[in-house]
Each structure stands twice: as C-alpha cells, then as structure tokens.
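Read the structure below first, then the notes.
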There are 2 protein chains.
Amino acid sequence: MPKWKFKAWCTGYPGGKPPRFLRPFLLLLLLVEGKSHGYELLERLREYGLNYELQDIGYLYRTLRVMEREGVVSSRWDVSGEGPGKRVYTITEKGKKELEEWTRTLASIKDSLDSFLKIYMEARGKSE
Amino acid sequence: MPKWKFKAWCTGYPGGKPPRFLRPFLLLLLLVEGKSHGYELLERLREYGLNYELQDIGYLYRTLRVMEREGVVSSRWDVSGEGPGKRVYTITEKGKKELEEWTRTLASIKDSLDSFLKIYMEARGKSE
DNA sequence: TGATTTATATGATTTAGTCATATATAATAG
DNA sequence: CTATTATATATGACTAAATCATATAAATCA
C-alpha cells in the first residue's frame, strides 16, 4: 500500500510512458479555468479527459515553476481559502501565444496517431 | 547549408519536441512492410503520414539496435542489393505483441488530444 | 578522381522524467 | 485534545530519453 494517496492514482501506460504534453495541458487548463493551483490542476486533468498519467506529482510542481520562470504563467501565494496555502497560477499573454503554437503541434501529432491506428487496423483486418 | 542532407529535412515541431512514438511507428512499419532498413524506414515514416520529425538520424539507428537487444525486432546484414550494405530488420512475435499494446496506448493518447483540441476550440469561440 | 548520395554507427552531452523524501497546514477519527 | 489522514508544495539525486557532433564506408555521379 502506498504511503501517499497520489501513488495509488498512478497506474502508468502499458507499452510506453506518457509524452511531453504536460505543459500544453496545464496551459489549456489555466486558459479555461482562469486560475488554479498544482493539486487542483491534477484533478482537472482527469475531469477534462486529458489522461496524462503522471508518475510523480513533484514533476507537476517543478513544471509549473519552470513555466513561471519562462514567463508563460504567473503565480501568487494564497492562504485565504480553506486548507493549507496554495500557489495559484494564471496564464500570461506569452503563455496564450505558446498555447496556440502547441495547438498546431498537437493537431499534427493527432494526425500521425490517426494514420497509425488506421494502418494498424487495416493490417489486422488482412492478416485475420 | 547543412553538411548532411538529413539535417535539411529536420525542421522540428513548433511549440515542442516530438514525443516517444518512434518505437511504435517503427514496429508498425516493419509489420506492414515485412522488412526494411533504417534509412528506408525514415522515408516510410513520411510516406505513411507518421510525421515523426526526427532531429537526429543517429537516434533512429540507436533505437533499432535497442529494439533488437530487447527482442522486438531482428536483423541481418545485407549486401546483396544496390548501394552500401544495409541492416535489414523484421518484427518478431514479441514485437507484434508489444505493437498491440502500443495501439491501446496511442488510442488513449489520441483521445486526450481530441479532448485538448475540442476544449481549445470552444474556448477560442467564446473569447472572440 | 573528387564530390555526393546512401547507409550505419557512437562518444559526449543535454534535457526530460522519476524516485525518494521532506515539510507544513487543516480536517477528521478515536 | 491528540493521532492520523488529506491537502498542498517542494527538492536532491538519479535514470532514461533525445540531441549534437562527428566518424566511417561503399556506391554513384560529375
């Protein structure tokens, strides 16, 4: 049994590790949510069907910090709500521009995956 | 001007690097082509719409070697054809099983990308 | 015969991602 | 009231993924 609840959520992908989509996924969530913090963003990923199977929540926080350093998000420390203090992030104008670029990238990757699945299904159909 | 022709093919993705799909793409190509070698597989990637924008052809050869070590492909050195010797690969039974797993993984990733693009388009529609 | 194309390969490095663990506040159970 | 669990963020050390730079060699072309 895992020491932290988070570990139990992490099942991993069969046949491969999740790729480099954490950053665009976080940018998108911050665009549609307006503002959010790390722990909450983790839950939103699932709710929005962005099945990013994160192995390590530390990486999520680290990624947000890197994104802030690069100016695509900004944060402030918030102790006003319930529970412990949260680092609340918002997307910047620079972040919105980067998200737009990501959208083209991910659309192109999606096209490749469509091709992949189509070719595989055709090959399966023939051999059977 | 690049010293090697290959360098000129590499434009890179805007807004992010290509993810970990080289291995499943190569497995699929070997399934449908029967057999092929590294340099040829690079061309097939584009022909089949698997737009994997490889930055470094060395990584392709390295990946094939790793895949062979792990038993998902096998190779033999072939000097019978035109041009210099080629290392010709075929997919193994183990490779076919792994490819099937990859198919589920990539289908799940495709779903995430569909969600991403849908959410982005909706958000764009509202703000404009 | 010198440049180009086809073809494979690897040492060194950088970047991405994971593992293990630390810390602190608030809520809940006994 | 205290011990445990849940919420929340963080970082040092490490491993794996990917790139950069470069080497090699046979065949073809100018």
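Letters go in sequence order (proteins before strands), and every chain restarts at 1. All figures in this text were calculated on a predicted structure; none of them were measured in a lab.
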Original post:
Taking CG from A:Leu60 and P from C:dC19, how many angstroms apart are they, rounded to a whole number?
Top reply: 15 Å
**OP:** Return the nearest nucleotide to the side chain of A:Arg62; candidates are C:dT18, D:dA8, D:dA10.
**Re:** C:dT18
**OP:** Tell me, please, which residues at least two apart from A:Phe116 pass ring pair (Phe, Tyr, Trp, His ring centres under 6.0 Å).
**Re:** B:Phe25
Original post:
For A:Tyr59 and C:dT18, is the shortest distance between a side-chain N/O and OP1 or OP2 below 4.0 Å?
Top reply: no
Subject >> Contact list for DNA chain D against residues 30-38 of chain A - heavy-atom distance below 4.0 Å >> reply: A:His37, A:Gly38
Original post:
In whole Å, what is the span from the OH atom of A:Tyr89 to the C1' atom of D:dA8?
Top reply: 12 Å
**OP:** Could you tell me whether the side chains of A:Ser74 and A:Thr92 share a donor-acceptor contact shorter than 3.5 Å?
**Re:** no
Subject >> side-chain N/O A:Arg20 vs D:dA17 OP1/OP2, d < 4.0 Å >> reply: no
**OP:** Take the protein atom CD of A:Glu82 and the nucleotide atom C1' of C:dT25, then report the distance between them rounded to whole Å.
**Re:** 13 Å
Subject >> Exam field: side chain A:Lys94 to backbone A:Glu70, donor-acceptor pair closer than 3.5 Å >> reply: yes
**OP:** May I have the distance from A:Leu54 (atom CG) to C:dG17 (atom C1'), rounded to whole angstrom?
**Re:** 9 Å
Original post:
Donor-acceptor pair, B:Lys96 side chain versus B:Val72 backbone, under 3.5 Å?
Top reply: no
Original post:
A:Met67 CE to C:dG17 P: how many Å, rounded?
Top reply: 13 Å
Original post:
Got B:Trp102 and B:Leu28 here, is their nearest side-chain heavy-atom distance under 4.5 Å?
Top reply: no
Original post:
Within this structure, what is the CD1-to-P distance between B:Ile57 and C:dT10, rounded to whole angstrom?
Top reply: 15 Å
**OP:** Please figure out whether A:Gly85 or B:Gly85 has its closest DNA chain D nucleotide nearer the 5' end.
**Re:** A:Gly85
Original post:
Would you say the side chains of A:Tyr48 and A:Glu33 form a donor-acceptor pair under 3.5 Å?
Top reply: yes
Original post:
How long is the line joining CH2 of A:Trp77 and C1' of C:dT23, in whole Å?
Top reply: 11 Å
**OP:** Give the nucleotide from the list D:dT19, D:dA8, C:dT8 with an atom nearest to the side chain of A:Tyr61.
**Re:** D:dA8
**OP:** Give the rounded distance in Å between these two atoms: NZ of B:Lys86 and C1' of C:dA9.
**Re:** 16 Å
Report all side-chain donor-acceptor pairs from residues 79-88 of chain B shorter than 3.5 Å, counting only partners two or more places apart or in another chain.
from: B:Ser80; atom 1: OG; to: B:Asp78; atom 2: OD1; distance (Å): 2.7
from: B:Lys86; atom 1: NZ; to: B:Glu82; atom 2: O; distance (Å): 2.6
from: B:Lys86; atom 1: NZ; to: B:Pro84; atom 2: O; distance (Å): 2.7
from: B:Arg87; atom 1: NH1; to: B:Ser75; atom 2: OG; distance (Å): 3.1

**OP:** Both distances under 3.5 Å, Watson-Crick or G-U wobble: report the partner of D:dA30, or none.
**Re:** C:dT1
Subject >> Listed nucleotide nearest any side-chain atom of A:Pro84, set D:dA10, D:dA27, D:dT7 >> reply: D:dT7
**OP:** Ignoring backbone atoms, test whether A:Tyr39 places a side-chain nitrogen or oxygen under 4.0 Å from the OP1 or OP2 oxygen of D:dT7.
**Re:** yes
**OP:** State which of C:dT18, D:dT19, C:dA9 makes the closest approach to the side chain of A:Asp56.
**Re:** C:dT18
